[in-house]
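One structure is given here, and the rest of the page talks about it.
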Amino acid sequence: MTRMLEDMDKLVSLCKRRGFIFPSSEVYGGINGFWDYGPLGVELKRNIKDAWWADNVRLRDDMVGLDCSIIMNPRVWEASGHVGGFSDPMVDCRATKERYRADQMYVFAYVFPKVNHKGEPTEAWLAGLGSSPEEALEGVEKRAAKLAKKFGEPTGAPTIIPYLQISAEDREKVIGPATDERGTLTEPRAFNLMFKTFVGALESESNVAYLRPETAQGIFANFKNVVDTGRVKLPFGIAQVGKSFRNEINPRNFTFRSREFEQMEIEFFCRPDEAAEWYAYWRKSRFQWYVDLGLKSEQLRLRDHDPEELAFYSTATADIEYTFPFGTSELEGIAHRGDYDLNQHIKFSGKDLSYFDEEKKERFVPHVIEPSAGADRATLAFLCEAYTEDEVGGEARTVLKFHPRIAPVKAAVFPLVKRDGMPEKAEAIYREMKRRFNVFYDEKGAIGRRYRRQDEAGTPFCITVDSQTLADGTVTFRDRDTCRQWRVPGEGAARALDDLLQGESIPEA
RNA sequence: GCGGGUGUAACUCAAUGGUAGAGUACCUGCCUUCCAAGCAGGCUACGUGGGUUCGAUUCCCAUCACCCGCUCCA
């Protein structure tokens, strides 16, 4: 009998109780949007990152790794578009996905003579862009003239209102600069996405720098270095795992949206004519990775973006989504980004970042497929998926059913009782295994209690030294999910554990 | 960002205008031959800062954190 985790509270308190995840700087009251990984959590997350690195980098012939600095030349963020509206209030258009500076947007309220069914004249609140109302009017006049054909000449000059002074109610009437639809503009918001800092002791505008909001740009910025030195040939990918920072307005849902988080990103470069194929490949391959590590349930899905949802430079994007207790959210995005990013860096850096194909004697800017995953989100999804409540011998138990590959502790070694030389035998096995696996030794309290403790930590196997061990040298192995036990020769215990961790199934009862 | 809620021990919760109690967990010892056993002992808390009051964990205000809904989400 298993049950899906129905709310996050249980997981949050388990994470705290067992040392997976703590609120950051908790003794000072915490800090919104930041979390710390405890002894078990750090092992879990590291195992997930290691699995990602092994499967996507080390075991492949077409991938190399990279580890870039978190603070980079601020021009990188101008090229990427992240620095565009820093500190200025911005307005988003829901229809066109464009973003405007609110202080450069003016609304022109026209009144046309044609009346509607209520007998009221037609109003049109047109938004225009410019550093002054006059400049903004230029773009708007044409659209007003078009409307005049339909509704008659406006009854006078339009009322000019800076967008920043529009009330929430009136905002619904405004027609965005690039649409004919009303009410698609959001309220003006300061967009301090990036954390700002200063390089050097002096805090002046000239030495402002940013903590990276994504690891991807470091890869693009190093594209030429890797091509020149890495002996790589298209198609190939560059992978990076590392911290990124976003000053989220509204961190929520445990670690899901944090201000400091860790990404696992790949930029896979290929010929433009092969990009669609590689996109399809990564879309499938990345989804399967989660399935193979245990996200087998219906909670996982792959969702293709609608055309109107795509960034303007992307021809296709898919999200790998997981249904958490708080809702369905993105674990990873796989985006076909075309040659947009490299071209941006070519433009801003003035350097040639094109690639010369020796075989075809062609020079071109490669296209890129970007599978971008969140390590913390993956960790959280694996925790939610693993969380199980069942019954053993009529007693409720909480167990984290992690895939052995990501389980923080691979096995626990116990003496059945603390006498007759059992602790010594058990500790010898523990010492031997510790050289290869993260294992745990425990001799305190009743055996059942020790098993349950390991269940809550997600330890897949427990190894117990008992009186029969003293007689014939065998130990018992106990499986976390079924509580089934079987005997294995003590000398072969490490190898037996290795086999089990490699996926060998447990013996039949 | 808006609205609502919560904040007492490691966890889950009580009580109280006169500084707090339980269960679980944890630690020590005894006992114990396989799934949270028992006995004895022990450690640990009123998020933070103000205010009212003779006295505040309790009332008020602020702040911080978390949760729920809306909003938002490169």
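Order of the sequence lines fixes the chain letters, A, B, ..., with proteins taken first and strands second; residue numbering starts at 1 for each chain.
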Self-check item: Candidates R450(A), R480(A), K401(A), R478(A) - the one meeting salt bridge (charged side-chain N to carboxylate O under 4.0 Å, His left out) with D455(A)
Solution: R478(A)

Quiz prompt | Rounded distance in Å between the P positions of rC64(B) and rU71(B) | solution = 24 Å

Exercise. Mind checking N253(A) for me? I need base, sugar-phosphate or nothing, with any heavy atom below 4.0 Å counting as a touch.
Key: sugar-phosphate

Practice problem: Both distances under 3.5 Å, Watson-Crick or G-U wobble: report the partner of rA22(B), or none. | Solution: rU12(B)

Quiz item: If you look at every strand shown and take non-hydrogen atoms under 4.0 Å, does R397(A) touch a base, only sugar-phosphate, or nothing?
Solution: nothing

Quiz prompt | Watson-Crick or G-U wobble partner of rA65(B), both distances under 3.5 Å | solution = rU6(B)

Practice problem: Side chain of Y451(A) only, please: which of rC67(B), rC34(B), rG1(B) is the nearest? | Solution: rC34(B)

Quiz item: Partner of rG38(B) by Watson-Crick or G-U wobble geometry, both contacts under 3.5 Å, or none?
Solution: rC30(B)

Exercise. Starting at atom NZ of K425(A), determine the distance to atom P of rU33(B), rounded to an integer number of angstrom.
Key: 19 Å

Exercise. Report the C-alpha distance between L331(A) and E321(A) in whole Å, list the side-chain angles of each, state the deciding distance to 0.1 Å, and finish with yes or no for side-chain contact (heavy atoms from CB on, under 4.5 Å).
Key: CA-CA 5 Å; L331(A) 295 183; E321(A) 297 180 330; over 6 Å; no

Exercise. Go through rG1(B), rC35(B), rU33(B) for me and flag the one nearest to the Q485(A) side chain.
Key: rC35(B)

Practice problem: Mind checking S329(A) for me? I need base, sugar-phosphate or nothing, with any heavy atom below 4.0 Å counting as a touch. | Solution: nothing

Exercise. Would you mind telling me which residue lines up with the more 5' stretch of RNA chain B, R452(A) or V417(A), judged by nearest nucleotide?
Key: V417(A)

Self-check item: E391(A) CD to rA36(B) P, straight-line distance once rounded to whole Å
Solution: 12 Å

Quiz item: So, do F34(A) and P251(A) sit near enough that their side-chain heavy atoms are less than 4.5 Å apart?
Solution: no

Self-check item: Listed nucleotide nearest any side-chain atom of N250(A), set rU71(B), rC26(B), rC34(B)
Solution: rU71(B)

Self-check item: Euclidean distance for P, rC30(B) against rG23(B) (whole angstrom)
Solution: 24 Å

Quiz prompt | Reading 5' to 3' through nucleotides 37-46 of chain B, protein heavy-atom contacts under 4.0 Å coded B for base, S for sugar-phosphate only, - for none | solution = S---------

Quiz item: Looking at rC35(B), rA36(B), rC34(B), which one has an atom nearest to any side-chain atom of T464(A)?
Solution: rC34(B)

Exercise. Report yes if a side-chain nitrogen or oxygen of K16(A) is closer than 4.0 Å to either non-bridging phosphate oxygen (OP1 or OP2) of rA10(B); otherwise report no.
Key: no

Quiz item: rC35(B), rU28(B), rG69(B): which one has an atom nearest the side-chain heavy atoms of K444(A)?
Solution: rU28(B)

Practice problem: Between Q468(A) and E330(A), name the one whose nearest nucleotide on RNA chain B is closer to the 5' end. | Solution: Q468(A)

Exercise. Please tell me which of the listed nucleotides, rA36(B), rG3(B), rC34(B), lies nearest to the side chain of R252(A)?
Key: rG3(B)

Quiz prompt | Whole-Å P distance, rU58(B) and rU8(B) | solution = 13 Å

Quiz item: Taking CD from E456(A) and C1' from rU24(B), how many angstroms apart are they, rounded to a whole number?
Solution: 11 Å

Quiz item: Which whole-number value in Å describes the distance from F324(A) CZ to rC68(B) C1'?
Solution: 18 Å

Quiz prompt | Identified pairing partner of rC72(B), criterion: Watson-Crick or G-U wobble below 3.5 Å | solution = none

Practice problem: State, yes or no, whether a side-chain contact exists between C270(A) and P366(A) at a heavy-atom distance under 4.5 Å. | Solution: no

Quiz prompt | Euclidean distance for C1', rU16(B) against rA56(B) (whole angstrom) | solution = 11 Å

Quiz item: Are the aromatic rings of Y37(A) and F20(A) close, with centres under 6.0 Å apart?
Solution: no

Practice problem: For L11(A) and rU12(B), give me the distance from atom CG to atom C1', rounded to whole Å. | Solution: 16 Å

Self-check item: Plane angle bin for F382(A) and W289(A) - parallel if under 30°, tilted between 30 and 60°, otherwise perpendicular
Solution: perpendicular

Quiz item: When you compare rU48(B) with rA65(B), how far apart are their C1' atoms, in angstrom units rounded to a whole number?
Solution: 10 Å

Exercise. Mind calculating the distance between CD (Q454(A)) and P (rA36(B)) to the nearest angstrom?
Key: 15 Å

Quiz item: Taking CZ from R480(A) and C1' from rC34(B), how many angstroms apart are they, rounded to a whole number?
Solution: 19 Å

Quiz prompt | Heavy-atom donor-acceptor pair, R286(A) side chain to G333(A) backbone, under 3.5 Å | solution = no

Exercise. Give the rounded distance in Å between these two atoms: CH2 of W486(A) and P of rC35(B).
Key: 17 Å

Quiz item: Among rC26(B), rC34(B), rC68(B), which is the nearest nucleotide to the side chain of R453(A)?
Solution: rC26(B)

Quiz prompt | Candidates rA25(B), rU33(B), rC34(B) - which lies nearest the side chain of D466(A) | solution = rC34(B)

Exercise. Describe the nucleic acid contact of R450(A) in one word from base, sugar-phosphate, nothing, applying a heavy-atom distance below 4.0 Å.
Key: nothing

Quiz prompt | Closest listed nucleotide, where the reference is the side chain of K418(A) and the choices are rC35(B), rC34(B), rU32(B) | solution = rU32(B)

Quiz item: Is a donor-acceptor contact shorter than 3.5 angstrom present between the side chain of R478(A) and the base of rC35(B)?
Solution: yes

Quiz item: Would the number of heavy atoms belonging to other residues, nucleotides or ligands and lying under 6.0 Å from CZ of F326(A) be above 12?
Solution: yes

Exercise. Report which part of the nucleic acid G33(A) touches: base, sugar-phosphate, or nothing (heavy-atom distance under 4.0 Å, all strands).
Key: sugar-phosphate

Quiz item: Nearest to the side chain of W35(A), which nucleotide is it out of rC66(B), rC11(B), rC68(B)?
Solution: rC66(B)

Quiz item: If we take the C1' atom in both rC67(B) and rC35(B), what is their distance in whole Å?
Solution: 35 Å

Quiz item: Parallel under 30°, tilted from 30 to 60°, perpendicular over 60°: which one fits the rings of F477(A) and W486(A)?
Solution: tilted

Practice problem: Determine whether any donor atom in the side chain of S13(A) lies under 3.5 Å from an acceptor atom in the base of rC11(B), or the reverse, and answer yes or no. | Solution: no

Practice problem: Please measure how far the C1' atom in rC39(B) lies from the corresponding atom in rC46(B), and state the result in whole Å. | Solution: 32 Å

Self-check item: Any donor-acceptor N/O pair, D466(A) side chain to T469(A) backbone, under 3.5 Å
Solution: yes

Quiz item: Base, sugar-phosphate, or nothing for F254(A), non-hydrogen atoms under 4.0 angstrom?
Solution: sugar-phosphate

Practice problem: Name the pairing partner of rC43(B), where a pair is Watson-Crick or G-U wobble with both distances under 3.5 Å, or state none. | Solution: none

Quiz item: What's the verdict on side-chain contact (heavy atoms from CB on, under 4.5 Å) for D319(A) and H305(A), showing C-alpha distance, side-chain angles and the deciding distance?
Solution: CA-CA 7 Å; D319(A) 284 347; H305(A) 282 208; 2.9 Å; yes

Self-check item: Rounded distance in Å between the C1' positions of rC13(B) and rA9(B)
Solution: 11 Å

